[in-house]
Asks: 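Here you go, one structure.
Order of the sequence lines sets the chain letters (A, B, ...), proteins ahead of strands, with each chain counted from 1.
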Amino acid sequence: MNIYADFAEKMLPLIKGSDLLSDLDADAQAALPLDRIVAEPPRDATHGDLATNAALLLAKGLRRKPRDIAEAIAKLLTEHADALQVQSVSIAGPGFINITLQPAVWQSIVQDVLTNGMDFGRTDLGQGEKINVEYVSANPTGPMHVGHCRGAVFGDALATLLSYVGYDVTREYYINDAGAQVDVLAQSAYLRYREALGEAIGAIPQGLYPGEYLKALGAQLADQYGSALLEMDEVEWLPLVKEAAISAMLELIRSDLDKLGVVHDVFFSERSLTADGDDRVAEMIADLSKRDLIYVGTLPPPKGKLPDDWEDREQTLFRSTRYGDDVDRALLKSDGSYTYFASDIAYHFDKYKRGFNRMVDVLGADHQGYLKRMTAAVTAISSENASLDIRFCQLVNLFRDGQPVKMSKRSGNLVTLADVVDEVGRDVTRFIMLYRKNDATLDFDFTKVLEQSKDNPVFYVQYAHARTHSTFAQAIEVFDEKIVSDLEKVDISILDDASEFALMRKLAEYPRIVEAAANFYEPHRIAFYLNDLASAFHGHWNKGKDLPQLRFIKDDNEKLTRARLALVLAVQIVLRSGLGLLGVDAREELR
RNA sequence: GGCCCCGUAGCUCAGCUGGAUAGAGCAGCGGACUUCUAAUCCGCAGGUCGUAGGUUCGAGUCCUACCGGGGUCACCA
């Protein structure tokens, strides 16, 4: 299915078996970078269908000029032209081998797409390996704001992508429901509860959550408990209110995620790590202690200017420096409770014990300081058997009509995720968030993302998809329903226009784009590819204006029309498949 | 001060992990609509890839140092 990989796979044995290597002893042969030999689409289409770097890579080991080696390989490819479906071979530049394939190769792509449907592009890269992708993990203290949005969409799309290429993916959300912040949440809710009972509470004190969203919870508590909570001491009401507050906030978050189309398989509670007398954080610390990775000691003061309240004191520390961290990290606070880092390690330990040797955490860019300690921790708790990859999502800057949208954190009036999705829609939000490398900041302009022009990639791609549908509708009008049936059986070999081949070549790239996107955890590659494919399709469409003989629908030639509709259908399928990986709806019409 | 990201056309960004003459979109200029929806397309113009070294057949991509922008920096959440 992947023409480029297939070609390299067929070419490699030919090179290995040729007399090019026969002068070398086994060691020298083993030293050749054969695994780096690839066949790729050339940057410039006039160079042919694919290009290989084989001669350049072998030059050093063979102690011969790249061009000489290229000559030899070109000869080899020509000799096996039929088996390789090669039409012509040429040598260019420093030693590139440019290859033009027989037209049938590209034509067969159309059939390939039609036969496999949404599975065209699916691979078994992951080979069923278990992988855990953790994303969002927003604290359950309020509705999700726009900052969470990017990580949510990124993580969700990444998980879909990894699943598509054969990993056994678990999508996970870690609920920070154990720390002081949920106590603050409960206190804030209690205030709203008193308010709901008619008390004048005045301004929300510094340090509590001021958001209006807690009013509903206050009212709910008033319904449920009447004035009973007023009679209690804080130690009594706090657990009750906390429980209600956390579950209310989670409900809020789930509804926000639902709006975005973001799903999780597992919601993992931090509190569960220490619940029911079973302290898994302590177990983790005990486990690391056995391997001499825990000690009590002091840390060197941070470089630069010291915090005002810095004091040198003994702490229980994890020896993260052994695995590449800059300093060792504290696991216990001065009051004896666990640090968040300690819980996080225990949580990742749990993931490991559940069979995940590959983990991905999607975090906001403000957590970048976390990278070394957390990867060190995973390496340690798994005895170097598991790996953690952390992907950071950079900030999203909001604009409206080119003007920055002001947000005030103090008043609690942040732009929420729900605000964004309600205004521009799920598809637009998701696509724009993914139409950028995750570690680059993103400008999100409410006005621009709704524009219906090619300036707006969401629209541009969806419009291409809608066009394929309108083409079908038109074809049925000109002929009848049968014109679009069983298109996978159509003879594609009558398609011979250069512009049609350009489209087929673009389709052929899809599997390797998917694979690269999955390999590098970069779903944005799919988004950019879709934009390219849409562009190729719009371009081809418009050729039909200047050259009517290229139009998809020829009312006097059913056979040709069907062949062209097969190509259109292939484009439609790949657009829908790619959009599906991003979690964006492929709309059939845009009006 | 340490660490982590970013720096590519006037603007917003890609660049397939080291390959050929660095690519798109927008903005600018010039063209194509009695249409298979012109919500689109075609062409022109636009660059010392932050700077300086290094690695090698070859660097936007890797290494080092600096410059500029952002983030982060004991027990925080």
Asks: Starting the side chain at C-beta, find the nucleotide from B:C41, B:G15, B:C76 nearest to A:K333.
Replies: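 Per side-chain heavy atoms of A:K333, the pick is B:C76.
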
Asks: What is the distance from CG of A:L185 to C1' of B:A77, rounded to the nearest Å?
Replies: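 Going from A:L185 (CG) to B:A77 (C1'), I get 13 Å.
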
Asks: Just how far, in rounded Å, is P of B:C33 from CH2 of A:W541?
Replies: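 Between P of B:C33 and CH2 of A:W541: 17 Å.
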
Asks: Atom CZ of A:F552 and atom P of B:U37: how far apart are they, to the nearest Å?
Replies: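 Going from CZ in A:F552 over to P in B:U37 covers 11 Å.
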
Asks: Is it true that A:D361 and A:H367 share a donor-acceptor pair across their side chains at a distance under 3.5 Å?
Replies: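 Side-chain D/A pair, A:H367 to A:D361: absent.
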
Asks: Quick one: is A:K454 getting a side-chain N or O under 4.0 Å of the B:C41 phosphate, OP1 or OP2?
Replies: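 So the side-chain polar atoms of A:K454 do come within 4.0 Å of the phosphate oxygens OP1 or OP2 of B:C41, strictly under.
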
Asks: Please assess A:V584 against A:L434 for the test side-chain contact (heavy atoms from CB on, under 4.5 Å), listing each intermediate value before the final yes or no.
Replies: CA-CA 10 Å; A:V584 175; A:L434 292 168; 5.7 Å; no

Asks: Has A:T52 got a side-chain atom pairing as donor or acceptor with A:V38's backbone, closer than 3.5 angstrom?
Replies: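 Looks like yes, one N/O pair under 3.5 Å.
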
Asks: Could you check which of B:A74, B:C76, B:A20 has an atom nearest any side-chain atom of A:T339?
Replies: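 Taking heavy atoms from C-beta onward, the closest nucleotide is B:C76.
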
Asks: Is any side-chain nitrogen or oxygen of A:K543 closer than 4.0 Å to OP1 or OP2 of B:C42?
Replies: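 No, A:K543 has no side-chain N/O under 4.0 Å of OP1/OP2 on B:C42.
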
Asks: Can you classify the ring geometry of A:Y435 versus A:F528 as parallel (below 30°), tilted (30 to 60°) or perpendicular (above 60°)?
Replies: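 Plane angle under 30°, so parallel.
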
Asks: Which residue, A:L57 or A:H367, contacts RNA chain B at a nucleotide closer to its 5' end, judged by nearest heavy atom?
Replies: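 Counting from the 5' end, the first nearest nucleotide belongs to A:L57.
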
Asks: Please determine whether a side-chain nitrogen of the Lys or Arg among A:E451 and A:K448 lies less than 4.0 Å from a carboxylate oxygen of the Asp or Glu.
Replies: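 A:K448 and A:E451: not salt-bridged.
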
Asks: May I ask you to check if A:R512 and A:Y4 form a cation-pi contact, with NZ or CZ under 6.0 angstrom from the six-membered ring centre and within 45° of the axis?
Replies: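 Pair A:R512/A:Y4 counts as cation-pi.
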
Asks: With a 4.0 Å cutoff (strictly under), does any side-chain N or O of A:Y460 reach OP1 or OP2 of B:C41?
Replies: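 The answer is yes; a side-chain N or O of A:Y460 sits under 4.0 Å from OP1 or OP2.
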
Asks: Taking the same atom, P, in B:C75 and in B:A14, what whole-Å distance lies between them?
Replies: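 Going atom to atom, P in each nucleotide, I get 33 Å.
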
Asks: Go ahead and write out RNA chain B as dot-bracket, 5' to 3': ( ) for pairs within the strand, [ ] for ones crossing earlier pairs, | when the partner sits on another strand, dots for unpaired; Watson-Crick or G-U wobble, both distances under 3.5 Å.
Replies: (((((((..((((.....[...)))).(((((.......))))).....(((((..]....))))))))))))....

Asks: Whole angstroms only, please: what is the CD-C1' distance between A:E509 and B:A24?
Replies: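 From A:E509 CD to B:A24 C1': 14 Å.
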
Asks: Judged by modelled atom types alone, do A:Y370 and A:D344 share a side-chain donor-acceptor pair under 3.5 Å?
Replies: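 The answer is yes; a qualifying pair exists.
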
Asks: Could you tell me the separation between the CD1 atom of A:I526 and the P atom of B:C16, rounded to a whole number of Å?
Replies: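 Answer to the nearest Å: 15 Å.
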
Asks: Ignoring hydrogens and geometry beyond distance, is the side chain of A:N98 in donor-acceptor contact with the base of B:A20 at under 3.5 Å?
Replies: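 For A:N98, whose side chain was compared with the base of B:A20, there is a donor-acceptor pair (under 3.5 Å).
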
Asks: Could you check whether A:S343 and A:E270, counting side-chain N and O atoms only, form a donor-acceptor pair closer than 3.5 Å?
Replies: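 A:E270 vs A:S343: donor-acceptor pair found between side chains.
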
Asks: Just checking, any donor-acceptor pair under 3.5 angstrom between side chains of A:Y463 and A:R467?
Replies: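 Yes - a donor-acceptor pair under 3.5 Å links their side chains.
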
Asks: Would you please confirm or rule out a distance under 4.0 Å between OP1 or OP2 of B:G25 and any side-chain N or O of A:H538?
Replies: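 Result: no.
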
Asks: If you check the A:K372 side chain, which of B:C16, B:C3, B:C75 turns out closest?
Replies: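 Looking only at side-chain atoms, A:K372 lies closest to B:C3.
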
Asks: Using whole Å, what does the distance between atom P of nucleotide B:U55 and atom NZ of A:K60 come to?
Replies: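 Checked: the NZ to P distance equals 13 Å.
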
Asks: Give every pair of a protein N or O atom and an N or O atom of nucleotides 10-13 of chain B that lie under 3.5 Å apart, one pair per line with the distance.
Replies:
unit_1 : atom_1 : unit_2 : atom_2 : d
B:U12  : O2'    : A:R436 : NH1    : 3.3
B:C13  : OP1    : A:T441 : O      : 3.4
B:C13  : O5'    : A:R436 : NH1    : 3.0

